[in-house]
Amino acid sequence: MLEFKKVEKRFPGVHALKGIDFRIERGEIVGLVGENGAGKSTLMKVLYGAYQHDGGEVLIDGKPVAFANPREAMLKGIGMVFQEQSLIPNLSVMENIFLGFEQRFVRWGVVNWKKMAAAARVQLAKVELDIDPHMELSKLSFAQRQLVELAKVMALEERVEGDLVILLDEPTSVLAKDEVQLLFRLIRRLRSRASFIFVSHRMDEVIDISDRIYVMKDGAVVDVVDGSTAVASSIQEKMVGREISTAYYREEKQKPCTDDVLVEAEGLSHAGKYEDISFRLRRGEVLSLVGVEGSGGEEIMRTVFGLEKPTGGTLRIKGKAVRRFNAANAVRHGIGYIPRERKIEGIVGGMSVFENMTLSQMRNYSRGGVLKRAAERATAQQWVKRLEIKTPSVDANAGKLSGGNQQKVVISKWRSSGSDVILLDHPTRGVDIGAKEHIYEVIREMCDDGCGVLLMADTLEEAIGLSHTIAVLRDGKVQQWFDCVPGHKPSLFDLVHHMT
């Protein structure tokens, strides 16, 4: 149905795609894996029309195609569900579904909203989402917005001849387990109408959903694996070009924390979100909050950073009670926050790497209202080297970096400002295995430097491997505490038993 033959793509100084051979049959689900920078995103963008290939051929139904832009790709049945979502939050569900294709509902310059709503319900039914098409998108959960984006892509059925090819870019990165299973059930049901390319760093999910898996490294396909016989560890070794370290979470570098308390919560409550939360975060400690989606961990973390105000209890930062809950006050107290949705809350996409790194500490780089750009760049260059951030230069647009490198920019923003309380909300979400290992190394370095880390991990294994202490949350309350001494850490069953 779709095929790449020896496809090439070059950028100045970068050979992004090196003779790529890739194919997908009708009704097939193909996995695509590789480290950040391996070429996955470039391959997807060539297919989606955002980039034009330099050599080789792209074939649909055996006929060569070259898309000048994404709209041309969409009119040929190529749709994409983006990791960070491409929807517009202040528009309605139906406006998002038909964005750019509203003309069928317009007569004499007037939109027939009733007709658009009826058409939107048809698309929403395909993804089994029962919501009002008039509803503003911002009022939906992330999982619901993900399904709206899938419905938007499925709406191409009525506009094109033949089947669809749907690109799924990290579609499960912030979904709960039951939401992932719902999405997978929909994908399997929709394969009678479409073929899917599934991109994810979650190897177990790729193996679960894919018929075949393409493994990329350094711009080339290094292997094609049958999904029914795939082994996660073998694929990961091909991705990074070496055997994965058994000390993945750097447990051997876990040192005892001090008795110096950085953050102390007593009876902290927020009506409808969490209740009677008490904990102490000490220097050199990683304290993990684990629980199912909606158990209150994210709200607790956002309260510590001042983004939400508790309705009861007290919060002390380095011994001083917090009276004003806002981000500026938190930053003044040395708190840094790496949020779950880094492209929305973590980085400013249109700004450079060095501007993002110094954004929280502008007072250190200005004199008389004039910015000291050379000093900003010098600081950024130090952190680019220290965190091994892959970027053409510190002047490059941070929004153009890979997910793992964007995350390192966000981390360096707080580390370079001297923050010693670091809040990590799913820091490895959408990050490849090599970048994850480096982020784990950075977390250990933070502890060695005397920071306290409040963590919401991407997996239970990650929480167990990294933590000194784990608090298990359920329905906004702490159910159980675990000490995580190396060699005597709790099991997955221990955590799950108290989560559900």
- Would you please name every residue forming a side chain to side chain contact (heavy atoms under 4.5 Å, CB included) with Ile131, sequence neighbours left out? Val93, Leu124, Leu129, Leu140, Gln144, Val148

- Item | Residues forming a side chain to side chain contact (heavy atoms under 4.5 Å, CB included) with Ala117, sequence neighbours excluded | Met94, Arg121, Pro133, His134

To the nearest 0.5 Å, how far apart are [atom1] in [X] and [atom2] in [Y]?
X      : Y      : atom1 : atom2 : result
Leu59  : Met1   : CG    : CE    : 13.0 Å
Thr428 : Ile443 : OG1   : CD1   : 8.0 Å
Leu307 : Tyr337 : CG    : OH    : 6.5 Å
Asp169 : Met44  : CG    : CE    : 4.5 Å
Ile97  : Gln123 : CD1   : CD    : 6.5 Å
Thr391 : Lys408 : OG1   : NZ    : 11.5 Å

- Task: State plainly whether the residues Asp458 and Arg202 are in salt-bridge range, i.e. N to O under 4.0 Å.
- Result: yes

- Please identify each residue that fulfils salt bridge (charged side-chain N to carboxylate O under 4.0 Å, His left out) with Arg26, with sequence neighbours left out. Asp61, Asp163

- Task: Step through the shown structure and confirm whether more than 12 heavy atoms of other residues, nucleotides or ligands are within 6.0 Å of CG on Asp130.
- Result: no

- Query: How would you list, by chain and number, every residue that makes a side chain to side chain donor-acceptor pair (under 3.5 Å) with Glu388, sequence neighbours excluded?
  - Reply: none

- Message: I'd like to check the side chain to side chain donor-acceptor pair (under 3.5 Å) partners of Glu128; sequence neighbours left out, ordered by chain and number.
- Response: Arg185, Arg189

- Arg250 and salt bridge (Lys or Arg N to Asp or Glu O under 4.0 Å): which partner among Glu462, Glu445, Glu437? Glu437

- Sequence neighbours excluded, the answer for ring-ring contact (aromatic ring centres under 6.0 Å, His included) partners of Phe482 is His498

- Do Ser295 and Tyr274 get their side chains close enough for a donor-acceptor pair, meaning under 3.5 Å? no

- Under the salt bridge (charged side-chain N to carboxylate O under 4.0 Å, His left out) rule, what do Lys489 and Asp483 come out as? Steps first, then yes or no, please. CA-CA 7 Å; Lys489 298 210 171 196; Asp483 288 325; over 6 Å; no

- salt bridge (charged side-chain N to carboxylate O under 4.0 Å, His left out) between Arg191 and Glu28, intermediate numbers included: CA-CA 7 Å; Arg191 65 192 299 171; Glu28 192 176 29; over 6 Å; no

- Task: Compute the ring centroids of Phe184 and Phe198, then answer whether they are less than 6.0 Å apart.
- Result: yes

- Minimum heavy-atom distance Val286-Leu466, with the two atoms named: CB-O, 3.6 Å

- Query: Looking only at heavy atoms, what is the nearest atom pair of Leu289 and Gly297, with distance?
  - Reply: CD1-O, 3.8 Å

